[in-house]
Amino acid sequence: MDFDWMKIPYALLTLFIVVNYGMLQNALIAKIGARVGRRRGIPIWQNYADLIKNYSIRSSITHGVMYYLGPVFRLSGGVGLLLFVPSLYGSEMFSNLSFAGDLILALYFIFFGTLGMALGAAESGHPYAAIGITRGLQQVSAAELPMALAVFSVALQYQTLSVTEIVAAQQGGFQNWTLFTNPLAVAAAMLSFLGSMMRPPFDVVLAPQEIPIGPPTEYHSSYLALMQTNRAIFPIAKIVIYMNLFFGGATIWPEFFLKVFLIYMVSVLVGVVHPRFRVEQSIRWFLVWAVPIGILSIVLV
Amino acid sequence: MRDELQKRVVKGPDGVEFEVEPLKDYYCEAPPAEHPPAYLKIVEDLFNWARSQSLWILGFGTGCGAIEMRPLMTPRFDAYRYGVQWRPTPRQSNLFIISGYLSVKTLKRVIRSYEQMQNPKYVVGLGSCTINGGMYWDSYNTIKRLDDYLPVDLYIAGCMPRPEALLAGFETLKHIIREGKAEGANLYARNFDWYKANQKKVIHDWDMPDYNW
């Protein structure tokens, strides 16, 4: 097997673009949320200042080995998710390290960060962290179910487990997108998408007013900065999967930015007008509304 | 010292007996260390700029001044546009606003929260009560000069100062941070014994470890 070593710097370039885009987009989304509340909101470069400040904090304390590894796992979950699926279809530079079975790997990576965080937050010993991570795992597990069903449905539809081939099958006009050829799978996946974006009504994991921010309660300085970096990468990486599977992928960066932003806005639009679900409510919601749609989409394929 | 902080033998649910010494097991015994600016001046300037643009306030209201901080989150004043945010945990915050009078009972919690914050950290005294006791100057259970117990970077005088005064205070604090003069955490570590002696002078029932990181 020959490996093209140029792929590594190209993949790092993708990572660089996505980190910066993610930071700016998160600030923009926060500004949009603030405008809904009739505030001006944070400056567009606020996330950079926060990140530099957290990396520059001089002292830090640790609670043990897993406490170190929690943010590392989380960040590698985000980076891995991004690097193993093609960002731009048909581009030599930005196909990253995609391979034939990357869809399965992506499903695994989506869950990986949460599990790492669970171990790390548990070791921090703070009761709020334990409550938060319990809620998080329950909710993510419930939200992952319709997502997995939708992915299987799409894999059956195109008879492949390669993201690149799934994107290839959707080229040639928007009527070929999975959105129109398999709308039920897309519906199930988008309902699951709401649950995994940490926005209302599914943000009980962090629950800022109730269990002070949950899992990361004890995390500070560089640990927190790693997690902030992941906050910029992970949503984008996840949306890239959605874009590739359901919305025809992207062939140039402007198309990529636009599609990622619009898909993100789905969760924002739902989030700003809905109050928060409790965990048992959200699990019931996923099982009652999203899972049957996912099963139906598999049956119909 | 409270009973649950004493050294004792505990019997676990599986019948195994083991010794517990909470002050050693759960808390750090090391006094705080000084962390001087370690990098080139240009790097430290960048860091100070980032610190000044990202003030994370610990959500801890001690007195009546706490009610003047809430409007800052609302559309009318909206402190978020100046890089000011509220954090619910001392680990992540770097600005402690002592909002108004500070009773001795609250001072204990303030000290514990302050010590859990990471270097560099800043303290702002809000209202006259933190300067000289204000209208509580002859009260039996409030402290008079906050600076004796924690290193204060900035006072915002008034009884009570309006939210606009707080916003102006944030801008002044940003100037102090950018000039590299906000080294309260190092001051606290350097004069740790003096601060501890002052704290113990007013807190008679000292039932916590001397240093809770």
Side-chain angles (χ1 to χ4, degrees), chain A residues 23 27 30-63 67 71 121 124-129 131-132 206-228, chain B residues 25-28 30 32-39 43-56 58-60 72-95 115-121 174 177 183 185-186 188-189 212-213:
Chain A
M23 305 266 271
K31 271 185 102 68
I32 292 172
R35 281 300 167 94
V36 175
R38 300 193 179 180
R39 291 189 292 112
R40 285 209 162 266
I42 58 176
I44 199 84
W45 38 264
Q46 179 70 50
N47 286 338
Y48 289 97
D50 288 348
L51 195 67
I52 297 174
K53 185 209 67 178
N54 275 327
Y55 276 120
S56 74
I57 283 183
R58 293 177 193 147
S59 62
S60 63
I61 54 149
T62 176
H63 292 281
Y67 182 78
S124 79
H126 200 285
Y128 289 148
I131 297 175
L206 294 175
Q209 286 84 20
E210 183 195 348
I211 44 165
I213 70 170
T217 305
E218 279 287 308
Y219 280 100
H220 54 273
S221 63
S222 307
Y223 310 115
L224 188 65
L226 274 185
M227 282 155 66
Q228 281 181 313
Chain B
D25 295 349
Y26 303 147
Y27 299 98
C28 181
E34 273 191 70
H35 295 272
Y39 303 100
V43 180
E44 202 63 35
D45 282 351
L46 171 72
F47 284 173
N48 279 335
W49 171 82
R51 284 165 192 150
S52 73
Q53 289 303 327
S54 160
L55 293 172
W56 289 6
L58 176 61
F60 189 150
L72 291 175
M73 305 179 194
T74 61
R76 178 155 180 186
F77 296 106
D78 189 22
Y80 292 95
R81 63 199 151 127
Y82 301 116
V84 179
Q85 297 175 39
W86 280 261
R87 303 304 286 192
T89 153
R91 292 279 188 231
Q92 297 175 4
S93 18
N94 61 350
L95 173 57
E115 290 180 351
Q116 287 181 36
M117 289 160 67
Q118 301 298 317
N119 187 346
K121 47 191 170 185
K174 285 181 184 179
I177 296 172
E183 293 289 346
N186 285 337
Y188 189 73
N212 344 250
W213 356 275

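First the proteins, then the strands, lettered A, B, ... as listed; each starts at 1. Computed from a predicted structure; not experimentally measured.
Contacts between B/Arg87 and chain A at a heavy-atom distance below 4.5 Å involve the side chain alone, from C-beta outward. Heavy atoms of A/Ile42 lying under 4.5 Å from chain B belong to its backbone as well as its side chain. For chain A, the nearby part of B/Thr74 is the backbone; its heavy atoms alone come within less than 4.5 Å. Proximity to chain A (any heavy atom under 4.5 Å) is shown, for B/Pro90, by neither the backbone nor the side chain.
You'll find the ring centres of A/Tyr219 and A/Tyr67 inside the 6.0 Å limit. Checked against the 6.0 Å centroid threshold, B/Phe60 and B/Trp86 do not count as a close aromatic pair.
Contact count against chain A (heavy-atom pairs under 4.5 Å) is highest for B/Ala50 among B/Pro32, B/Ala50, B/Ala79, B/Ser93. The candidate from B/Glu44, B/Gln53, B/Arg81, B/Arg51 with the greatest count of non-hydrogen atom pairs under 4.5 Å with chain A is B/Arg51. Each of A/Ala49, A/Ser221, A/Ser59, A/Ala30 has some count of heavy-atom pairs under 4.5 Å with chain B, and the biggest count is that of A/Ser59.
Within the structure, salt bridge (Lys or Arg N to Asp or Glu O under 4.0 Å) contacts touching residues 32-49 of chain A (residues at least two apart or in different chains) are A/Arg39-B/Asp78.
With sequence neighbours excluded, the residues that form a salt bridge (charged side-chain N to carboxylate O under 4.0 Å, His left out) with B/Lys174 are B/Glu171.
For the 3.5 Å distance criterion, the side chains of A/Asn54 and A/Gln228 qualify, holding a donor opposite an acceptor. A donor atom on one side chain and an acceptor atom on the other are found under 3.5 Å apart for B/Gln85 and A/Asp50.
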